[in-house]
Amino acid sequence: MLVKEYRIPLPMAVEEYRVAQLYMIQKKSRDETHGEGSGVEILENRPYTDGPGGSGQYTHKVYHVGMHIPSWFRSILPKAALRVVEESWNAYPYTRTRFTCPFVEKFSIDIETFYKTDAGENPNVFSLSPVEKNQLTIDFIDIVKDPVPPNEYRIEEDPKLFHSTKTQRGPLSENWIEEHKQQLAPLMCAYKLCKVEFRYWGMQAKIERFIHDTGLRKVMVRAHRQAWCWQDEWHGLSMENIRALEKEAQLMLSRKMAQFSKDDEEAAERAESEAGQAQPPGEPPQPSSGGEPLAGRGLKKQWSTSSKSSRSSKRGASPSRHSISEWRMQSIARDSDESSDDEFFDAHGERTV
């Protein structure tokens with residue numbers, strides 16, 4: 001497990017950021033749902049009273065991430081594996097978010113966040129033990145100084161250029177943190193304790209480093225720049241306004257993803273029909289060495305999570321989902337060992353925040 005604490009100072013008040021964050025999340029969910037292999041489904045969005053941080057808002061989402069990971073990784077995984085489940089407990093100013101992939105059983109990302117009225121000077125906001133602190137890497141993110149990849153740069157999302165017409169704030173200089181301290185201007189910090197675990201031998205360190213550098217840090221840099229530069233969109237909104245936008249987004253996304261699912265089913269039916277027509281009449285499928293027809297060893301059956309798939313292979317049944325997952329991860333490890341770090345970390349511009 002690779003653990004890092006990110007500290008992200010922001011030029012606004014903690015209560016301001018509550019609205020900014022929620023507005024940003026629902027907007028990005030809408031913007032990033034494009035089509036097959038790219039989309040967000042909001043399964044639940046409800047209050048809770050007995051959970052992380054006490055009382056707050058619970059959300060349960062599914063991210064379809066096929067178009068946002070390296071192509072070599074995507075090519076050796078089944079479609080069912082290209083989904084990430086997010087559970088989030090928002091008891092602001094404390095939040096906790098957990099990401100898992102049902103297919104990759106030894107993978108998880110756990111993020112705890114505290115929002116504090118300071119510039120990131122709190123030495124131990126998460127009350128870690130001395131041993132935990134010694135194993136921790138602290139990484140400061142500056143929304144002005146930290147670079148953004150050229151393909152992700154937007155002039156309207158540059159804090160060095162942005163000026164708010166509603167609040168008259170901005171642009172920010174490279175010394176904005178010190179200037180805000182001296183002027184007693186609004187200043188806060190998001191403290192994020194991020195734990196990434198990918199327990200597969202031969203590739204754990206590489207994958208965990210990739211997730212921190214690309215899946216977390218780069219995403220957080222851009223997202224917090226957007227939170228600041230989108231303030232003319234969210235400034236003045238109430239929590240009631242935000243909840244209404246979230247419900248609207250949930251309905252829109254469910255309709256869009258339902259259409260994608262329908263299109264997939266129709267494509268699968270066409271492919272199955274064409275495969276049936278290609279079979280010469282009167283000629284049965286050829287059996288495999290184990291006596292099972294090749295048609296019975298298709299991906300649909302191979303990736304089944306039914307009770308049949310969990311029986312022992314000694315009894316002639318399909319391998320279990322767990323054994324398939326282990327085999328796939330070993331294959332990825334072999335492939336990644338043969339590639340350079342440059343090849344591994346190159347996702348060909350397919351990532352988004």
Side-chain angles (χ1 to χ4, degrees), residues 4-32 68 90 92-93 95 97 111 113-122 125 138-192 194 212-239 241-242 245-246 249 349 351-353:
K4 290 187 178 182
E5 180 184 314
Y6 298 93
R7 299 183 181 184
I8 313 167
L10 292 165
M12 63 181 77
V14 170
E15 280 306 309
E16 246 188 321
Y17 183 73
R18 183 184 189 188
V19 172
Q21 176 198 46
L22 295 175
Y23 177 84
M24 175 180 63
I25 291 171
Q26 63 84 30
K27 178 177 178 176
K28 290 167 74 65
S29 295
R30 296 172 192 247
D31 292 348
E32 293 173 13
H68 306 317
N90 189 333
Y92 201 84
T95 65
T97 304
I111 303 173
T113 307
F114 277 112
Y115 301 97
K116 299 290 185 180
T117 306
D118 59 47
E121 303 98 342
N122 194 312
V125 71
I138 296 176
D139 187 349
F140 278 87
I141 289 177
D142 189 320
I143 63 171
V144 171
K145 294 180 181 179
D146 278 40
V148 174
N151 63 310
E152 295 181 3
Y153 177 80
R154 304 286 183 273
I155 191 170
E156 64 272 17
E157 296 175 2
D158 189 339
K160 289 185 291 185
L161 303 175
F162 170 76
H163 174 75
S164 170
T165 58
K166 285 189 176 180
T167 67
Q168 299 302 310
R169 293 184 294 191
L172 301 177
S173 73
E174 292 201 350
N175 297 317
W176 70 270
I177 295 177
E178 290 303 318
E179 290 173 358
H180 275 63
K181 287 181 180 178
Q182 294 172 5
Q183 299 168 8
L184 302 179
L187 186 62
M188 60 161 286
C189 182
Y191 293 82
K192 292 182 174 290
C194 302
H212 266 289
D213 293 345
T214 301
L216 293 178
R217 196 185 196 283
K218 286 185 179 180
V219 169
M220 288 189 285
V221 170
R222 187 179 181 194
H224 287 82
R225 286 164 63 98
Q226 290 172 330
W228 171 251
C229 293
W230 290 351
Q231 65 181 275
D232 283 346
E233 299 177 34
W234 55 256
H235 182 77
L237 294 179
S238 66
M239 286 305 298
N241 298 143
I242 291 293
L245 287 171
E246 289 175 339
R351 299 182 304 272
T352 64
V353 292

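- Between the side chain of Trp234 and the backbone N or O of Tyr17 there is no donor-acceptor pair closer than 3.5 Å.
- With a 4.5 Å cut-off on side-chain heavy atoms, His180 and Leu172 count as touching.
- For the pair Lys116 and Val14, the minimum side-chain heavy-atom distance is 4.5 Å or more.
- Here the CG-CH2 distance, from Asp158 to Trp228, works out to 13.0 Å after rounding to the nearest 0.5 Å.
- Counting only N and O atoms by type, the side chains of Gln226 and Lys27 include no donor and acceptor under 3.5 Å apart.
- A donor-acceptor contact shorter than 3.5 Å links the side chain of Asn122 to the backbone of Val125.
- The shortest side-chain heavy-atom distance between Thr113 and Tyr6 does not fall under the 4.5 Å cut-off.
- The shortest heavy-atom contact between Gly170 and His163 is O-ND1, 2.8 Å.
- Taken to the nearest 0.5 Å, the SG atom of Cys189 stands 8.5 Å off from the CD1 atom of Ile177.
- Of the possible donor and acceptor atoms, none in the side chain of His235 sits under 3.5 Å from a partner among the backbone N and O of Gln231.
- Ile242 and Leu237 get closest at one heavy-atom pair: CD1-CD1, 4.1 Å.
- When all heavy atoms of Ala119 and Pro9 are compared, the closest pair comes out as O-CG, 3.6 Å.
- Here the closest heavy-atom approach between residue Ala249 and residue Gln26 is recorded as CB-OE1, 4.2 Å.
- The shortest distance between side-chain heavy atoms of Asn90 and Leu22 falls below 4.5 Å.
- With rounding to the nearest 0.5 angstrom, the CD1 atom of Ile155 is 13.0 Å from the CZ atom of Phe162.
- With contacts defined as side-chain heavy-atom distances shorter than 4.5 Å, the pair Pro171/Leu161 does not qualify.
- In this structure, CG in Asp142 is found 9.5 Å from CZ in Arg225, a value given to the nearest 0.5 Å.
- Counting heavy atoms from C-beta on, the side chains of Asn175 and Gln182 never come closer than 4.5 Å.
- Considering NE2 of His224 and CE of Met12, their distance stands at 8.5 Å, rounded to 0.5 Å.
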### Task
Would you sort out whether Asp213 and Lys4 count as a side chain to side chain contact (heavy atoms under 4.5 Å, CB included), showing the intermediate values?
CA-CA 11 Å; Asp213 293 345; Lys4 290 187 178 182; 3.9 Å; yes
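- When each of Leu10, Val221, Val148 is checked for a side-chain contact (heavy atoms from CB on, under 4.5 Å) with Ile143, only Leu10 meets the rule.
- A salt bridge links Glu121 with Lys181: at least one charged nitrogen is closer than 4.0 Å to a carboxylate oxygen.
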### Query
What do the steps show when you test Ser173 against Glu179 for side chain to side chain contact (heavy atoms under 4.5 Å, CB included), and what is the final call?
CA-CA 9 Å; Ser173 73; Glu179 290 173 358; 2.9 Å; yes
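- Side-chain contact annotation: Gln21 with Tyr92, donor-acceptor N/O pair under 3.5 Å absent.
- To the nearest 0.5 Å, atoms CZ (Arg7) and CD1 (Ile141) are separated by 12.5 Å.
- The minimum heavy-atom distance between Pro186 and Ala13, with the atom names listed, is CB-N, 3.8 Å.
- In this structure, Asp232 contributes its side chain and Lys166 its backbone to a donor-acceptor pair below 3.5 Å.
- When side chains are defined from C-beta on, Leu216 counts as touching His212, because their heavy atoms get closer than 4.5 Å.
- Looking only at distances, no side-chain donor or acceptor of Asp31 sits under 3.5 Å from a matching main-chain atom of Lys28.
- Between Arg154 and Arg222, some side-chain heavy-atom pair lies under the 4.5 Å cut-off.
- Ring orientation note: the planes of Tyr23 and Trp230 are nearly perpendicular, at an angle over 60° on the 30°/60° scale.
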